[in-house]
Each structure stands twice: as C-alpha cells, then as structure tokens.
Amino acid sequence: MVSKSKDHQRSTGGQPLKKKVKLSDQKIDEEIPLSKLKAKNKTDKSKKNKIKQENQQDELSLNTLMKTSNEPQKVKNEPKSENFDSATNIKSEGDSEDSYKWWEEGINDGIKKWDTLQHNGVMFPPPYEPLPTNVKLIYDGVPVKLPPEAEEVAGFFGVMINTDHAKNPVFQKNFFSDFKKVLKKAGGVIEPKDTKITSFKKCDFSKMFEYYETKREERKQLSRAEKKKLKEERDKMEEPYKYCILDGRKEQVGNFRVEPPSLFRGRGQHPRTGSLKTRVYPEDIILNLGPGSPIPEPPAGHKWGEIRRDNTVQWLAMWKENIFNSVKYVRFAANSSLKGISDYKKFEKARELKNHIDVIREDYSKNLRSKVMFERQVAVATYLIDVFALRAGGEKGEDEADTVGCCSLRYEHIELSEPNNVTFDFLGKDSIRFYQKVEVDQQVFKSLKLFKKSPKKKGDQLFDRLDPSILNKHLQGYMPGLTAKVFRTYNASKTMQDQIDSMDIKLEDTVQEKLLKYNAANREVAILCNHQKTVSKNHESSIQKANDKIQELIWQRIRLKKCLLQINPQLKKKEKALFFEIDDFKKEKELEVVENIYEKEVIKYNRKFKNENEKRKENSEELLADEKLQEWLNTAKEYRDVLIKEVESGNLSEEFIKKCGSEEKIRNNIKKFDQRIQVAFIQLKDREDNSQVSLGTSKINYIDPRLSVMFSKKFNVPIERLFTKTLREKFTWAIESADENWRF
DNA sequence: TTGGTGACTTAGAAAAAAACGG
DNA sequence: CCGTTTTTTTCTAAGTCACCAA
C-alpha cells in the first residue's frame with residue numbers, strides 16, 4: 001500500500017546519524033561459528049565476441065559536417081576561429097547517412113570507448129546583473145547597498161522566500177552563514193558603511209522578492225511573437241554546444257550548460273541544504289577531447305582548467321562542485337549511441353539473470369537456515385533485495401541526509417510482529433519513504449529477529465556483517481557482473497512481462513482502453529520500485545471538480561431520460577433498467593448539481609467581465625458598466641431558478657423538452673452520455689491511482705523498452721502513445737529491434 | 001580492509017510546452 | 001482564442017559500483 005502524502009512521509013525527526021557499529025556479538029558468534037565464509041568467486045570473464053565497430057577514417061570537423069548537412073549554408077558574419085568554426089549551423093535533424101545503428105552492427109565490448117571526440121566546450125550561465133538601485137535588502141529596517149557578489153547571494157534567497165526551502169531553519173542557517181562569508185570577503189556593506197549584518201531575522205528580502213516576481217510576470221506577459229523571438233535567440237546561443245562529433249558521427253550532448261550558482265536544495269532532511277553553490281569558471285573545468293581534436297576557445301579572458309584526452313570515459317567536461325567536492329560531468333544525451341549501448345547492456349544483463357535466478361533463490365532459501373551469521377545475513381539481504389526491490393544501501397556520511405537501503409537498514413527501520421509480519425519504515429533514496437507492511441518467509445522472520453536481538457538497539461545496523469561490496473562480491477559468484485541493482489531491473493521488467501502476458505486485451509478495444517491497461521501494468525512496476533511523487537497542491541480540488549463533472553453528466557443523462565418518459569410514459573415499465581437511476585438520484589443531489597452549475601456560471605461571467613474590461617482599457621475604449629455584469633449574472637440566476645423549479649416540481653421545462661427532440665434523438669444522446677460518463681469514471685480512477693505513484697522513472701530506467709515495443713506491435717497501439725519523442729529517441733534501438741513476439 | 005573518489009545510473013521537482021475546454 | 005490543466009522536458013541531486021592506494 002502506498003501511503004498518503006509525501007510531506008507526511010518525509011522524515012521530520014532529526015535522529016542522529018549513527019556510525020556503523022560492527023557488533024562483534026559474542027553470543028551470536030558462539031551460537032553460529034564464523035567459518036568458511038568464502039563467497040564463490042568465479043571471476044570468469046567470458047567475453048562475447050563482438051563485431052568490431054568500424055573505425056572512422058578521418059576526423060571530420062564540426063565545420064565539415066555542417067557543410068555536408070542538408071541545410072543550406074547560411075552566410076554568417078560572426079568571428080571565426082580558424083580551424084574550429086562555430087558549429088552554429090549544425091541542424092538537429094542531421095543527415096540520414098550519419099545515423100549509426102549500433103544495434104544492427106553489433107557492439108564492441110573492449111575497454112576503449114571511442115576513437116575521436118570533438119566538441120565546442122560548455123555553455124556558461126550569464127554573469128550576474130546587479131539589481132536596480134531601488135531594490136535592496138532591508139536590514140533592521142534600513143535598506144542596505146551590498147557589493148554585487150553578496151547581493152547575488154541574497155537574491156538567491158530573496159527570490160525563493162515563498163518556498164518551503166526558505167522556511168526550513170537548516171536552509172536559512174546554511175544560507176546565512178555562506179552569505180556572511182561572501183559579504184565579508186567582498187568588503188562588507190557598501191552603504192550605510194558601518195552596517196554589520198549579523199542576524200538573519202533582521203533581514204527583509206521582500207523587496208528583492210517583489211522585484212523578481214515582477215520580472216517573472218513581465219516575461220509571462222510577453223506576446224507570443226516576442227516569446228518566440230526570445231526562444232530563437234536562446235536556441236541560437238545553444239546551437240554550438242548541443243552537438244559533438246564522436247567517431248565521426250554527430251551526437252547530442254546532454255547537459256552542455258554549466259550549472260549556475262545557486263543555493264543547494266538538498267532533498268529531505270539534508271544537513272547542508274541552503275549552502276551556496278558557487279559559480280563555476282572555465283578555470284574550474286576539465287575538457288575531455290579526442291586525440292588531436294582542436295581545443296575550443298575559452299570565454300574571453302579565461303583559460304580552461306585542463307585539457308584531457310581520455311577515451312576510456314564518456315564525459316565531455318567535468319568540474320568539481322564546491323559543497324561536497326564531488327564531480328559534475330557534461331555528458332552525452334540519452335539518445336546518444338554510447339548511452340544506448342550501456343542501456344542495452346544493462347537490460348541484457350538483467351535478462352541474463354533469468355538463467356541464474358532459480359539457483360540464487362534456492363541458495364538463499366537454504367542459507368536462511370545457515371548457522372553461519374555471515375551467510376545468514378547474505379541470504380536475508382538477497383531475499384529483501386529480490387522480493388521487495390530494495391536498493392543496495394551504501395554507507396552515508398555525516399553531512400548527508402539520513403537515508404538507507406538494504407545493507408544500511410538499522411534496528412529501528414523494521415518492526416516485527418508474530419507470526420511473520422514485518423513493517424518496513426525508512427527513508428530511501430531522495431528521502432522517499434518506504435513504508436510497507438508485509439508478510440515474509442518464516443525463516444526470514446526468524447533471522448530478522450535474530451538480527452535485532454540484544455544487545456542491538458536503536459541506531460545499530462541490522463546487517464552488521466554486510467555492505468554492498470561484500471554482497472555484490474557474493475552475487476558475482478553466480479553470474480559475472482551481477483550486482484544488487486540488477487535485481488531491480490530484472491524484477492521490474494519481469495513484472496512488466498508478466499503483466500502484459502496476463503492482459504485481457506482485444507484488438508478491437510479502443511486505444512484508450514489499451515493504454516489504460518498498459519499504464520496499470522506500468523503502475524505495478526512503479527509500486528514495486530517505490531517510485532513516488534508528491535501529490536500536487538490542487539489534487540484534491542481537481543478530484544472534486546472531476547467528481548462534480550461526473551455528477552453533472554449523470555444529471556444531464558437523467559434529464560434526458562425524464563424527457564423520454566414525458567414523451568412516452570409507458571417506457572418506464574418496459575425498460576426498468578434504463579430508468580432505474582432516476583429514483584436513485586435524490587432531490588438534494590440534484591440541487592447540488594444545479595448550484596454547482598450556477599457557481600461555475602458566476603465565475604465565468606466575472607472572469608469574462610474582467611477580461612473584457614482589461615482589453616477595453618488597453619484599447620482605451622469605453623468600459624463595460626457594472627450593470628452589464630449584473631445583467632449577465634441575472635441570466636445565470638434566472639437559469640438557476642428554472643432548474644430549481646424543475647427539481648422542486650419534478651416537471652421538466654417546456655423549453656428543454658422541445659430541445660430534446662424525437663425519441664430516437666434522445667436515445668442517441670443518452671448513449672453518448674453513457675460513453676462520456678464511463679470514460680470519465682475510468683479516467684478519474686486512473687488519476688486517483690496515479691496521484692502519488694510516478695510512472696516515468698520505471699519507464700525510463702527499469703522496464704526493458706522492448707517490452708513496450710512488443711506491446712505496441714502486439715496490440716496495435718502506436719508507439720507514440722507509449723513513448724514521448726525524447727523517449728523514442730532514447731529507445732530507438734529497442735523500437736527497431738523488437739517485434740510483437742519479443743520476450744524479456 | 002578500508003576509505004576515498006571517479007564514473008556512471010537513477011530520481012523527483014521544477015520549468016516549459018502542449019493539450020484541453022469553455 | 002485564452003486561461004487552465006496536464007504532459008513533457010530539463011535540471012541536478014542522490015544513488016550504485018568499481019577501482020586504487022595505503
């Protein structure tokens with residue numbers, strides 16, 4: 001069962017991060033002597049012989065490629081660096097001849113990843129533009145002039161004071177501490193000169209906030225044409241960075257933009273959230289290029305940090321981010337060949353697991369009884385990963401959110417109750433709550449009890465003999481390359497295959513019905529993987545609206561049926577089923593529907609009035625008088641009165657009956673309503689079911705795309721309905737290689 | 001045996017774009 | 001057509017896992 005709302009789920013308590021305590025629990029050790037813990041490690045590297053991919057002879061320059069593109073060459077007056085022309089003219093369509101169907105040609109399995117790589121470097125965010133002089137941070141009631149470096153940081157906070165982040169005390173503390181550092185380094189407040197900013201509480205960011213809001217509003221107000229023009233300009237700037245040339249082929253780059261400075265938005269209860277993520281300069285960046293590829297020109301006045309030529313990796317550029325000193329990469333887009341190949345390999349590996357899963361399951365079932373503590377822990381962990389799709393669960397540091405996976409589960413994360421019920425309650429990746437009450441294998445239950453046995457207490461690790469690398473080493477004994485995460489892929493895709501196998505779909509069903517079933521299957525997988533999303537702010541009201549809408553449709557249908565009876569009262573006895581619902585729909589309910597209709601009308605007229613007058617104001621025309629609005633509202637009211645009278649008296653208005661027309665016409669209309677109501681019901685349920693489940697993640701990462709292609713072909717559902725454009729590009733290999741008989 | 005770190009995949013939120021409905 | 005809602009794309013955080021050095 002998926003739990004309610006995510007806000008609800010996010011951890012609130014700040015339990016201390018426990019160091020990994022390895023309990024050398026004597027007692028357990030005595031009971032279960034640690035002996036032969038050798039994991040069978042067959043490092044058999046069976047290499048499949050793959051067709052070697054053909055080397056591209058000459059390195060094409062971006063410029064050459066551009067010229068061979070089917071796009072007519074435009075004359076440009078921009079400055080050219082001589083051997084590395086700006087790639088502005090490369091078009092995304094590309095030539096058909098440079099499409100590279102690696103899945104048809106076979107995959108090279110060696111260490112070397114590529115031969116040549118050429119690109120234009122990375123795109124930097126625009127420099128900071130100081131605020132207009134009248135927009136200032138107000139400190140202790142006094143507007144202060146800040147040096148631009150500090151103003152920028154204050155602005156990062158100011159623009160988001162209405163968000164949850166900005167209300168989080170940890171976020172505030174980290175932001176303020178970094179802000180003070182920046183301010184100090186920049187020489188302190190400019191005016192009034194001796195102002196010392198020491199208290200967050202005395203900072204008033206509202207002027208900054210308003211300023212950014214106004215700007216946002218202005219941007220929104222731009223006309224369609226203006227927006228289009230801006231977008232074109234943006235696209236033109238981006239053009240050179242969007243593509244690179246890999247082994248002579250044009251390939252898309254993914255995140256070619258360097259991350260702009262900002263306040264770090266950590267997920268969940270993150271100790272470092274709100275810290276300043278500083279601006280990245282060319283000097284911080286390491287570019288990776290092919291041997292002999294020209295070095296792109298760094299921004300004026302700057303130098304690249306380093307030029308590397310490493311063809312064993314798949315990144316084009318990297319830099320170190322300041323908060324954790326971790327590496328950020330500029331990489332290929334999801335539709336690139338290298339990504340496609342890895343993706344393909346990932347799924348093939350998961351499919352390979354099919355051939356080993358029986359042995360693995362047998363083994364861990366047996367080892368759940370092992371007298372050796374280590375073996376017992378391995379067995380239980382493998383069970384949890386296999387059955388509940390837990391992640392491996394690596395160790396985490398003091399300055400990270402307290403989240404866990406299988407190996408890092410602690411005492412307090414599972415609750416046991418006889419005979420074999422387990423409640424998992426912990427925060428997983430991204431601080432998403434994993435909450436499940438389940439029944440487990442009797443022997444698993446016993447083992448978990450053992451793992452929780454005294455002297456273990458809150459904060460201690462359940463699997464004190466394990467970590468992911470130990471577990472993975474054990475798994476490799478069954479199958480080369482097998483790791484914990486492969487189980488997630490395997491079980492997700494297996495679930496999807498099973499779901500599709502058991503689908504009751506007739507070819508003549510509507511596409512919409514088929515899609516609903518596909519989504520239901522997708523949802524099973526998402527639930528297995530615990531992929532969630534926060535329920536949207538207006539979810540409740542939108543459900544309410546949809547319900548009202550359905551009620552309205554039903555009411556309309558009932559009116560039609562009443563009309564039918566009016567014409568031919570004999571029908572009521574003849575067709576009981578048809579008229580059954582009339583008596584079911586009570587007076588109060590009818591009145592509710594009428595009121596709803598009326599309310600909507602009122603809102604509509606008010607809006608219409610406001611809009612019309614705004615337009616007139618702009619054209620300096622005469623404004624509509626308030627009486628006009630009154631007039632409209634009166635029409636609405638009159639209509640409401642008519643309906644109310646109808647409900648009260650039980651007689652339809654003459655007008656309506658006239659409009660309904662012949663019996664045949666009414667019957668047709670009723671049928672149409674039947675259809676609409678049914679569709680509305682199904683869609684409402686689908687939406688309800690999806691409200692906190694996120695289908696995308698499993699579709700993108702876990703479900704073998706060839707399953708969707710198979711579904712598409714087998715049931716004649718256009719692939720466009722299953723995969724968005726980006727996804728189709730990412731999964732071209734699957735679309736072109738699977739047929740209706742393909743199996744995971 | 002561990003701890004750091006580099007390189008890659010996976011993840012939900014937020015922004016942007018497209019579709020919807022009055 | 002226009003404002004709203006829904007879907008798609010972008011963004012970047014947060015995992016996994018291999019490898020290396022001490």
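Below, read A as the first sequence line, B as the second, and so on, with proteins coming before strands; counting in each chain starts at 1.
- Taking only side-chain nitrogens and oxygens, A:K725 never comes nearer than 4.0 Å to OP1 or OP2 of B:dA18.
- The heavy-atom pair separating A:D178 from A:L276 by the smallest distance is OD2-N, 2.7 Å.
- Closest to the A:K328 side chain, of the nucleotides C:dC17, C:dT12, B:dG12, is C:dT12.
- Here A:Q476 reaches the OP1 or OP2 of C:dA18: one of its side-chain N or O atoms lies under 4.0 Å away.
- Listed pair A:T726 / C:dT9 meets the phosphate criterion, a side-chain N or O lying under 4.0 Å from OP1 or OP2.
- With no hydrogens or angles considered, a side-chain donor-acceptor pair links A:H539 and A:E688 at under 3.5 Å.
- Contact annotation for A:G266: backbone-only contact, meaning every heavy-atom pair under 4.0 Å involves sugar-phosphate atoms and none involves a base.
- For A:Y702, taking side-chain heavy atoms from C-beta onward, the closest of the listed nucleotides C:dC11, B:dT10, C:dG15 is B:dT10.
- Here CZ of A:F209 is found 9.5 Å from OG1 of A:T214. Values are rounded to the nearest 0.5 Å.
- With C:dG15, C:dC17, B:dA13 as the choices, the nucleotide that has an atom nearest any side-chain atom of A:K396 turns out to be C:dG15.
- Judged by distance alone, the side chains of A:S431 and A:Q269 never bring a donor and an acceptor atom under 3.5 Å apart.
- Comparing A:R265 and A:L727 along DNA chain C, the residue whose closest nucleotide (by nearest heavy atom) sits nearer the 5' end is A:L727.
- Between A:W733 and A:Y344, the angle of the ring planes goes over 60°, which puts this pair in the perpendicular group of the 30/60° scheme.
- Under the side-chain contact (heavy atoms from CB on, under 4.5 Å) criterion, A:E552 pairs with A:K549, A:Q556, A:V593, A:I597, A:K600, sequence neighbours left out.
- In this structure, the side chain of A:N168 engages the main chain of A:V170 through a donor-acceptor pair within 3.5 Å.
- For C:dC17, one of the phosphate oxygens OP1 or OP2 lies less than 4.0 angstrom from a side-chain nitrogen or oxygen of A:N472.
- Counting only heavy atoms from C-beta on, A:T483 has its side chain closest to C:dA18 among C:dT12, C:dA18, B:dC8.
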Show each protein N/O and nucleotides 19-22 of chain B N/O combination with a separation under 3.5 Å, one pair to a line.
none

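- One finds a side-chain N or O of A:K231 lying less than 4.0 angstrom from the OP1 or OP2 phosphate oxygen of B:dA17.
- Regarding contacts with the backbone of B:dA7, every side-chain N or O of A:R331 stays at 4.0 angstrom or more from both OP1 and OP2.
- Not counting sequence neighbours, A:W555 has no partner by the ring-ring contact (aromatic ring centres under 6.0 Å, His included) test.
- Between A:K113 and the phosphate of B:dC8, there is a side-chain N or O to OP1/OP2 separation shorter than 4.0 Å.
- A:T403 and A:K396 share a donor-acceptor pair across their side chains, judged by distance under 3.5 Å alone.
- When each of A:F175, A:F324, A:F157 is checked for a ring pair (Phe, Tyr, Trp, His ring centres under 6.0 Å) with A:F264, only A:F324 meets the rule.
- Applying the 4.0 Å criterion to OP1 and OP2 of B:dT9, one finds that A:K429 has every side-chain N and O outside that range.
- Using a 4.0 Å cut-off, some side-chain N or O of A:H531 falls inside it from OP1 or OP2 of B:dA11.
- OP1 or OP2 of C:dG15 has at least one side-chain nitrogen or oxygen of A:T403 nearer than 4.0 Å.
- Residue-to-nucleotide proximity on DNA chain C shows that, of A:H270 and A:L482, the 5′-proximal contact is made by A:H270.
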N/O contacts under 3.5 Å, protein versus nucleotides 4-6 of chain B?
| residue | atom | partner | partner atom | Å |
| --- | --- | --- | --- | --- |
| B:dG6 | OP2 | A:K320 | NZ | 3.0 |

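- Put simply, the side chain of A:S708 never gets that close to the backbone of A:D704: no donor and acceptor are under 3.5 Å apart.
- Residue A:R488 is in sugar-phosphate contact alone, with no base atom involved, counting any heavy-atom pair closer than 4.0 Å across all strands shown.
- Neither OP1 nor OP2 of C:dA18 sits under 4.0 Å from any side-chain N or O of A:S469.
- The ring-ring contact (aromatic ring centres under 6.0 Å, His included) test applied to A:F487 returns no partner, not counting sequence neighbours.
- At least one side-chain nitrogen or oxygen of A:R391 sits closer than 4.0 Å to the OP1 or OP2 atom of B:dA11.
- With no hydrogens or angles considered, a side-chain donor-acceptor pair links A:T278 and A:N322 at under 3.5 Å.
- Mapping A:R219 and A:K339 onto DNA chain B by nearest heavy atom places A:K339 at the nucleotide closer to the 5' end.
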task = Assign a letter to each nucleotide of nucleotides 1-7 of chain C from its 5' end: B, base within under 4.0 Å of a protein heavy atom; S, sugar-phosphate only; -, no contact.
result = --SSSS-

